[in-house]
Amino acid sequence: MNPPGFGPEWVKLKGAQGFRDPKGLLWKRDMLHKDHWDVIDANGKKVREVDFSGRQLWPKGPKNKGKTP
């Protein structure tokens with residue numbers, strides 16, 4: 001499954017590491033839960049989680065009940 005917004009400007013990383021979006025964020029499948037993407041910034045910090053439908057789960061989604069972390 002491809003991440004939301006997948007298109008020609010997205011770069012597939014070597015192996016099965018994930019994708020880099022046009023903004024430079026890395027999209028990797030969460031290998032523990034296997035039900036969403038972890039979106040990681042250039043510093044290696046997770047900035048959000050997005051389900052396979054493109055809906056944000058964390059930090060301002062249903063997983064965190066709309067609260068900021």
Side-chain angles (χ1 to χ4, degrees):
M1 164 157 284
N2 292 329
F6 184 76
E9 63 277 356
W10 287 64
V11 177
K12 184 172 191 238
L13 303 175
K14 276 187 171 181
Q17 294 181 44
F19 297 88
R20 178 175 290 119
D21 72 9
K23 296 178 184 176
L25 298 173
L26 299 178
W27 291 65
K28 297 184 176 187
R29 279 195 192 142
D30 185 319
M31 297 311 288
L32 179 63
H33 301 108
K34 300 182 187 206
D35 65 347
H36 63 270
W37 295 99
D38 287 337
V39 183
I40 302 163
D41 67 9
N43 296 324
K45 182 180 175 189
K46 182 166 71 168
V47 293
R48 67 180 168 261
E49 293 177 356
V50 179
D51 70 7
F52 295 139
S53 305
R55 199 177 70 179
Q56 186 169 323
L57 300 173
W58 179 87
K60 293 185 179 181
K63 183 175 178 181
N64 207 25
K65 297 184 174 120
K67 299 175 189 169
T68 55

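It should be emphasised that the depicted structure is a prediction, and the values quoted were computed from it without experimental measurement. Just so it is clear, the values below take in all heavy atoms, side chains as well, and ignore hydrogens, waters and symmetry mates.
Using a 4.5 Å cut-off between side-chain heavy atoms of Ile, Leu, Val, Met, Phe, Trp and Tyr, with links allowed through other members, Val47 and Val50 fall into the same hydrophobic cluster.
Closest approach of Gly54 and Pro4 over heavy atoms only: CA-CG, 3.4 Å. Here the closest heavy-atom approach between residue Trp10 and residue Pro3 is recorded as CZ3-CG, 3.4 Å. Summarising the geometry of Asp35 relative to Phe52, their closest heavy-atom pair is C-CE1, 3.7 Å, with the distance given to 0.1 Å.
A salt bridge does not link Asp41 with Lys45: none of the charged nitrogens is closer than 4.0 Å to a carboxylate oxygen.
Separation of atoms NZ (Lys28) and CZ (Arg20) is listed at 9.5 Å; rounding is to 0.5 Å.
Considering only heavy atoms from C-beta on, Lys46 comes within 4.5 Å of Trp58 through its side chain. Contact of the Trp37 side chain with the Arg29 side chain is registered, since non-hydrogen atoms from C-beta on lie closer than 4.5 Å. Phe6 is not listed as a side-chain neighbour of Lys12, based on a closest heavy-atom distance of 4.5 Å or more.
Of the options Leu25, Asp38, Leu57, a side-chain contact (heavy atoms from CB on, under 4.5 Å) to Arg48 is made by Leu25 and by none of the others.
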